[in-house]
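Please read all numbers here as calculations on a predicted model, not as lab measurements.
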Amino acid sequence: MNAEPAFSVVVPVYGNRDSLPDVVKALEYLQGTLDVAVEAVFVIDGSPDDSLHVLRDLLPAAGFQSQLVSHSRNFGAFAAIRTGFMSARGAVIAAMAADLQEPIDLIAELYRQIASGAYDVAVGARRSRQDPPITKLLSNAYWRTYRRFVQSQIPRGGVDVFACTRQVAETLGQFVESNSSLIGQLYWVGYRRVEVPYGRVERQHGKSSWTLRKRMKYMLDSVFSFTDLPISLILAVGMIGTVLALVGAFVVLISWLAGAITVPGYTVTMIVLLLASSSILFALGLVGTYVWRTYENTKMRPNAIVMARETFQPEP
């Protein structure tokens, strides 16, 4: 029990007091399942309930090593996971939710995949979920859009739980971006990655804080952090609009020359409007491209990440 932990599990906590006893039991089961020392890092992310006091009562008697870290206010689940990663001591680190909708056996399998040495990142790939039909429909539509326009490599059901090596965790810790996506960064850094399929179980306590507003913010943060989609759309519309405007202007001019247009000033007004509006969009796209490249540089992401380094000496 006092050995250096090989596996750390980071658990963000926000309004989860009712599920915490079950979380502790699940982690005790995890410790009994694995043949290595397990550490749990609970991060209280400005929770409005008494989750902190509940864990203070539960953890001293728990069958695993633990840390209890408190944020000064609610910073969000991704910030809580980062804090947990910086505090964790294990060679393998996982992030799981406190609502227990991801089976604890999945966490054990994520560890085994990383501990095998074949992978650096293991993510839970949701194949089914015990949720109301409307929830499933909206969730599928959301993640389909996310995969289509942001990151195509992400699993169809998104990523709610994952594990990685300490090296990957430390790499993620180098990112200091605001309003970004931890999962997006996890996929951006690369490394050897594997998906572990699972079925999401029904929530037993409380309700999800993953509101529509938070979903949209997550989507926008991901779009603006990992794609140039908005700028590309403006540039494409400007280019197509310019071509159509030139065609339209040519048609108006021919119609005027043929005497089909008799309203004074109509020809000049239409030509100016068509060319000016399309030119503005095209110019915005060009300027936006420069702004996007400047914005990319301000993120200070590394140009490359070294996963391993080996040296060899010639035989004597």
Side-chain angles (χ1 to χ4, degrees), residues 5-34 36-111 114 121-124 126 158-164 166 168-169 172-173 182-183 186 196 198 200-201 203-210 214:
F7 186 30
S8 296
V9 182
V10 176
V11 186
V13 178
Y14 182 84
N16 301 112
R17 73 168 316 279
D18 293 332
S19 65
L20 290 177
D22 292 335
V23 173
V24 171
K25 291 179 182 179
L27 290 170
E28 288 177 332
Y29 168 80
L30 180 68
Q31 175 63 87
T33 300
L34 301 177
V36 298
V38 174
E39 171 195 52
V41 182
F42 290 91
V43 182
I44 308 297
D45 187 36
S47 184
D49 57 17
D50 60 342
S51 295
L52 176 63
H53 302 291
V54 171
L55 285 171
R56 280 175 175 167
D57 292 336
L58 292 173
L59 292 181
F64 52 84
Q65 300 179 50
S66 61
Q67 297 184 51
L68 185 55
V69 183
S70 299
H71 278 171
S72 61
R73 63 172 177 84
N74 177 238
F75 289 94
F78 288 160
I81 292 173
R82 290 183 188 279
T83 296
F85 275 18
M86 290 187 289
S87 302
R89 297 177 294 157
V92 179
I93 308 173
M96 63 171 282
D99 55 19
L100 290 179
Q101 288 194 271
E102 286 71 42
I104 196 64
D105 287 330
L106 170 65
I107 308 300
E109 182 58 27
L110 295 179
Y111 170 77
I114 303 296
V121 178
V123 299
R126 187 168 60 228
V159 175
D160 294 311
V161 58
F162 70 92
C164 62
R166 172 164 293 281
V168 175
L172 291 174
L182 177 64
I183 301 303
L186 179 68
V196 179
Y198 75 99
R200 197 180 196 194
V201 300
R203 177 187 292 269
Q204 299 297 319
H205 302 282
K207 63 179 182 179
S208 176
S209 60
W210 187 234
K214 290 183 178 181

So which heavy atom on [X] is nearest to which on [Y], and how close?
X: Val11; Y: Ala98; value: CG1-CB, 3.7 Å
X: Ile104; Y: Ala26; value: CG1-O, 3.4 Å
X: Ile107; Y: Ala94; value: CG2-CB, 4.4 Å

Heavy-atom distance under 4.5 Å between the side chains of [X] and [Y], does that happen here?
X: Phe42; Y: Leu27; result: yes
X: Ser66; Y: Val41; result: no
X: Phe85; Y: Cys164; result: yes
X: Phe64; Y: Leu30; result: no
X: Leu20; Y: Leu55; result: yes
X: Arg56; Y: Leu68; result: yes
X: Tyr14; Y: Ser51; result: no
X: Val36; Y: Gln31; result: no

Hey, could you give me each pair passing salt bridge (charged side-chain N to carboxylate O under 4.0 Å, His left out) that has a residue in residues 36-45? Not counting sequence neighbours.
Glu39-Arg89

Side-chain ([X]) to main-chain ([Y]) donor-acceptor, under 3.5 angstrom:
X: Ser19; Y: Asn16; answer: yes
X: Ser47; Y: Gly15; answer: yes
X: Gln65; Y: Ala40; answer: no
X: Glu102; Y: Val161; answer: no
X: Arg126; Y: Tyr198; answer: no
X: Ser8; Y: Gly90; answer: yes

For Thr83, what residues pass the side chain to side chain donor-acceptor pair (under 3.5 Å) criterion, not counting sequence neighbours?
His71

Could you tell me whether Arg17 and Asp49 make a salt bridge, using a distance below 4.0 angstrom between a side-chain N and a carboxylate O?
no

Hey, could you give me the NE2/CG distance between His53 and Leu58, rounded to the nearest 0.5 Å?
13.0 Å

Would Arg82 and Leu182 satisfy side chain to side chain contact (heavy atoms under 4.5 Å, CB included), going step by step from the backbone distance to the final call?
CA-CA 8 Å; Arg82 290 183 188 279; Leu182 177 64; 3.8 Å; yes

Go through the steps to decide whether Val43 and Ile81 satisfy the test side chain to side chain contact (heavy atoms under 4.5 Å, CB included), and finish with yes or no.
CA-CA 8 Å; Val43 182; Ile81 292 173; over 6 Å; no

Take Met96 and Leu110 through the side chain to side chain contact (heavy atoms under 4.5 Å, CB included) test and state the conclusion after the steps.
CA-CA 11 Å; Met96 63 171 282; Leu110 295 179; over 6 Å; no

Derivation of the side chain to side chain contact (heavy atoms under 4.5 Å, CB included) call for Phe78 and Ile183
CA-CA 9 Å; Phe78 288 160; Ile183 301 303; 4.0 Å; yes

Going by the rule ring-ring contact (aromatic ring centres under 6.0 Å, His included), which residues pair with Tyr111 if we only count those two or more places apart in sequence or in a different chain?
Phe7

